[in-house]
Amino acid sequence: MTDTPRAFHRDAWIALCCIVILAVIGGVIWWRISVEDQAAAVAKAAALQPAKIPVTSAKVESADFAVHLNGLGTVEPYQTVVVSSRVDGEITKVAFKQGQMVAKGDVLFVVDPRPYQSALDAANAKKAGDVATLKNANLSLTREIELVGKGVDTRAQLDTQQATVDQLTAQIAADQAQIETAQTQLDYTTIRAPIAGKTGFRLVDVGNIVHATATSGVVTIAKLQPISVVFTAPEEAIGAINTALAAGPVTVIAMSSDGVKVLAQGHLSIVNNTVDALSGTISLKASFANEDNALWPGLSVSTRLLVETLKGVTLIPHGAIQNGPDGLYAFVIGPDAKVAIRAITIGQDSDGRAVVLTGPKPGEVVVTAGQYRLGPGSLVDDTPPAPTVSNPTAKAP
């Protein structure tokens with residue numbers, strides 16, 4: 001009888017444990033069913049919503065805008081000189097290397113100076129003899145003056161002696177001219193660079209005979225610093241170019257022929273005085289310091305001439321501008337990520353941007369890529385464009 005209560009309590013405890021375990025299992029099952037139902041409801045709701053269309057976007061901005069005229073040009077030396085010998089003779093020395101940069105006055109060639117030195121020596125000797133003769137004639141003139149004063153000699157004898165002195169004085173002047181001519185000829189035997197620049201191929205070597213009458217020259221020197229670029233612009237731009245010139249120096253940028261790399265920045269120096277009637281263009285010349293020799297004679301380059309800078313205008317990327325049956329338009333992204341079609345008119349365009357005359361305002365976001373899937377009210381997932389290296393010409397004044 002004493003074991004009966006114990007058995008009853010043990011059975012009751014086991015039953016209670018089973019109930020608790022069953023309750024826990026039931027709770028877990030209910031929680032999982034509830035989570036799955038909620039996930040299914042969310043998925044169903046998401047399926048009913050329209051999918052966001054991925055696009056690339058950019059902000060419309062307000063900034064200064066540089067208006068450029070693009071063209072093609074050719075680099076030309078600022079100055080080119082064909083160096084020639086001014087005397088006849090044999091080349092005895094070459095004092096430079098082909099392709100060397102030379103300064104004005106540097107020695108290039110030496111012509112055999114001996115014949116010209118002999119001519120100079122002879123001229124000096126003749127003058128020395130004539131000076132001695134003149135000295136003696138002056139002494140005789142002084143004596144004649146004294147004798148005429150005493151009545152010993154006649155006036156005619158005095159006049160004759162005076163004429164002799166005058167002739168000798170003139171002869172000495174001629175001797176001096178001959179000396180200077182001989183000295184000049186001797187100086188010409190040293191052929192010097194008339195300008196600073198880069199030498200070309202040497203056209204004569206040591207031992208060659210050169211002549212003052214030859215037209216081929218002995219070497220060519222091209223001045224590279226500064227240097228020029230000759231290019232063209234359409235005749236319709238003459239007014240804008242002249243207006244820009246009247247306001248001050250006009251910036252010209254020289255770029256590689258593919259328009260990718262900036263080579264140099266200079267200024268417009270000459271506008272030709274006539275328009276080419278056949279091509280409808282006008283020739284222009286720009287000057288560049290060319291300190292790094294990036295520009296080389298004969299090189300083909302692209303040119304960008306700054307004619308105007310528009311202040312504080314509204315700018316939109318080229319990629320945002322679409323062409324439709326009713327004209328140009330752009331997709332503008334609203335705060336709710338939905339797009340709206342906005343008509344647009346543009347003015348000047350350059351460097352991948354255009355000036356907005358009417359249309360989106362600064363600060364609004366426009367679609368720049370992915371428009372082919374869009375329509376009015378489309379929901380978009382806009383991604384800003386990846387950062388790119390700025391075109392240095394866009395920053396040029």
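Sequential numbering from 1 along the given sequence is applied to the chain's residues.
For the atom pair CD1 (I179) and CG (L186), the distance works out to 13.0 Å, reported to the nearest 0.5 Å. Interatomic distance, Q322 CD to I341 CD1, rounded to the nearest 0.5 Å: 9.5 Å. Rounded to the nearest 0.5 Å, atoms CD1 (I333) and CD (E364) are 11.0 Å apart.
Applying the ring pair (Phe, Tyr, Trp, His ring centres under 6.0 Å) rule to pairs touching residues 76-125 yields F96-F109, sequence neighbours excluded.
Residues V260 and M255 form no side-chain contact, since every pair of their non-hydrogen atoms from C-beta on lies 4.5 Å or further apart. You'll find the side chain of I91 reaches within 4.5 Å of the side chain of V111, heavy atoms only. Looking only at side-chain heavy atoms (C-beta outward), T169 and L134 come within less than 4.5 Å of each other. The shortest distance between side-chain heavy atoms of I241 and L69 falls below 4.5 Å. A heavy-atom distance below 4.5 Å is found between the side chains of L315 and V355. The shortest side-chain heavy-atom distance between V204 and V210 falls under the 4.5 Å cut-off.
Scanning all heavy atoms of the two residues, the minimum distance from L357 to I346 falls at CD1-O, 3.6 Å. Taking all atoms of both residues into account, the shortest heavy-atom contact from L268 to F231 is CD1-CZ, 4.1 Å.
In summary, the side chains of T56 and T368 do not present any donor paired with an acceptor at a separation below 3.5 Å, with no hydrogens or angles considered.
The 12-atom threshold is not exceeded at NZ of K285, counting heavy atoms of other residues, nucleotides or ligands nearer than 6.0 Å.
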